[in-house]
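Atom set for the values below is all heavy atoms of this structure, side chains included, hydrogens, waters and symmetry mates excluded.
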Amino acid sequence: MTVKRLISCNASDILGFNASELKQSIKASEGRVILSETIVIKEPLVGDITDAEVAKSAGADLILLNMFDVFNPRILGLYPNEETLQTAKIHSDAVNRLRNLVGRPVGANLEPLSKDTKLMSNQEQLTPGRSATVETFQAAASLGLDFILLTGNPGVGTDNAAIVKALKEAKQYFPGIIMVGKMHSAGVDEPIGDVKSITEFIEAGADVVLVPAVGTVPGFTEADLTSIVQLAHLHDTLVCSAIGTSQEGSSTSVIENMAIRNKICGVDIQHIGDSGFSGVAPVENIYTMSQAIRGKRHTLSMIARSVLR
């Protein structure tokens, strides 16, 4: 399959991709793709536009919605006068509207749960529309999401076994790209980003495995990440490194260092989390990551290119 690399695409190219074409387009970009996570139920950074639009303007290529309820789709700032939880309404066309506004693929977190998990902290409660179930996979497909990430927010209690189980179900009901993995413990005392769990994700059919970025989780080294990348690429599985430990709010020098270290290890996508002053990373950090992994020319191409092209 031959497609344009994502970092050279117009919005019309991107929004026309099916799952296999999008995956190939990311692969062809050779480690220069940025995924920015945004919390849809926090008041937007700029007030009357979504945090996703802010992330896109700073260099994000993929938009990941956090705390998005697929049964009650609501994104603060998406419609006029809907910038707060009190004023924002549920819209069945929320995903398609956002996709057209940013001209980028849009995905959402869905969180697998295990009843038998031993937690290290108090468990956070999920709404049914954020849990990883057959019904939410079907709803995610109906909404038009380009990808889903099976993972766990802090304290939720997602473990690797629950992710594998949910992945096998998701393959039957969701036609888009399926990413899986943990960027931190999610409250569970178990290995994160170990070869055993990654192998299970790959064998269960993951399109992308997500692991902590080097420099985020204690003890997760360049050697660990490199071995995972080599294993995944042997099976045509992509790898996403994730900054999900609030370090997305660190200095630009920290972000730049992480971006280069993880690119050296061979990852295909670099995730930057949502822990800024609202529900998105500081814009200068998204921009810094973009410049670090692909330079000013490609950064300007992505942020300046009109969504009408």
Verdict with supporting geometry, His233 and Asp268, side-chain contact (heavy atoms from CB on, under 4.5 Å): CA-CA 10 Å; His233 286 177; Asp268 305 281; 2.8 Å; yes
Heavy-atom pair with the smallest gap, counting every atom of [X] and [Y]:
| X | Y | answer |
| --- | --- | --- |
| Ala204 | Val164 | CB-CG1, 4.3 Å |
| Gly144 | Asn96 | CA-OD1, 4.5 Å |
| Lys23 | Thr237 | NZ-CA, 4.4 Å |
| Leu22 | Phe17 | N-CB, 3.9 Å |
| Ala141 | Tyr173 | CB-O, 4.0 Å |
| Asp146 | Pro105 | OD2-CA, 3.2 Å |

ring-ring contact (aromatic ring centres under 6.0 Å, His included) contacts in which one or both residues fall within residues 60-100, not counting sequence neighbours: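 Matches after skipping sequence neighbours: Tyr79-His91.
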Do any N or O atoms from the side chain of [X] and from the backbone of [Y] form a donor-acceptor pair under 3.5 angstrom?
| X | Y | answer |
| --- | --- | --- |
| Arg104 | Lys56 | no |
| Thr288 | Glu284 | yes |
| Gln270 | Ile293 | no |
| Asn262 | Val214 | yes |
| Ser142 | Gln138 | yes |
| Asp207 | Met179 | no |
| Ser57 | Val54 | yes |
| Ser241 | Ala213 | no |
| Arg97 | Leu78 | yes |

Decide yes or no for [X] and [Y]: does some side-chain heavy atom of the first lie under 4.5 Å from some side-chain heavy atom of the second?
| X | Y | result |
| --- | --- | --- |
| Lys27 | Asp236 | yes |
| Val70 | Glu135 | no |
| Leu65 | Thr38 | yes |
| Glu43 | Glu83 | no |
| Ser36 | Leu62 | no |
| Ile243 | Ile255 | yes |
| Asn285 | Thr252 | yes |
| Asp274 | Met67 | no |

Quick one: do the [X] and [Y] side chains pair a donor with an acceptor below 3.5 Å?
| X | Y | value |
| --- | --- | --- |
| Ser253 | Ser251 | yes |
| Glu53 | Thr50 | yes |
| Thr127 | Arg130 | no |
| Ser20 | Asn18 | yes |
| Arg294 | Ser290 | yes |
| Thr221 | Asp224 | yes |

Give, for atom [atom1] of [X] and atom [atom2] of [Y], the distance between the pair rounded to the nearest 0.5 Å.
| X | Y | atom1 | atom2 | answer |
| --- | --- | --- | --- | --- |
| Leu110 | Thr136 | CG | OG1 | 4.5 Å |
| Lys4 | Ser29 | NZ | OG | 11.0 Å |
| Ile34 | Leu6 | CD1 | CG | 11.0 Å |
| Leu210 | Leu64 | CG | CG | 9.0 Å |
| Glu248 | Ser246 | CD | OG | 5.5 Å |
| Leu126 | Glu111 | CG | CD | 4.5 Å |

Do [X] and [Y] sit in one hydrophobic cluster, given that two such residues count as connected whenever their side-chain heavy atoms are within less than 4.5 Å of each other, even indirectly?
| X | Y | answer |
| --- | --- | --- |
| Ile286 | Ile303 | no |
| Ile202 | Ile178 | yes |
| Val102 | Ile75 | yes |
| Val195 | Ile163 | yes |
| Ile14 | Val208 | yes |

Heavy atoms of other groups near His235 NE2, more than 12 under 6.0 Å: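 At most 12 heavy atoms, drawn from other residues, nucleotides or ligands, come within 6.0 Å of this atom.
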Residue Lys171 excluded, over 12 heavy atoms near NZ under 6.0 Å: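 Above 12, so yes.
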Lys/Arg N to Asp/Glu carboxylate O, Asp51 vs Lys42, below 4.0 Å: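 Result for this pair is no, no salt bridge flagged.
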Pair Asp61 + Arg32: basic N to acidic O under 4.0 Å: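 Between Arg32 and Asp61 there is no salt bridge, as every charged N stays at least 4.0 Å from the carboxylate O atoms.
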Pair Ser306-Arg309, side chain to side chain donor-acceptor pair (under 3.5 Å): steps then yes or no: CA-CA 6 Å; Ser306 172; Arg309 289 185 179 273; 5.8 Å; no
Verdict with supporting geometry, Ile41 and Leu85, side-chain contact (heavy atoms from CB on, under 4.5 Å): CA-CA 7 Å; Ile41 58 172; Leu85 283 173; 4.0 Å; yes
Full working for side-chain contact (heavy atoms from CB on, under 4.5 Å) between Gln172 and Val134: CA-CA 9 Å; Gln172 302 176 57; Val134 169; over 6 Å; no
Derivation of the side-chain contact (heavy atoms from CB on, under 4.5 Å) call for Phe137 and Leu150: CA-CA 11 Å; Phe137 300 147; Leu150 304 180; 3.8 Å; yes
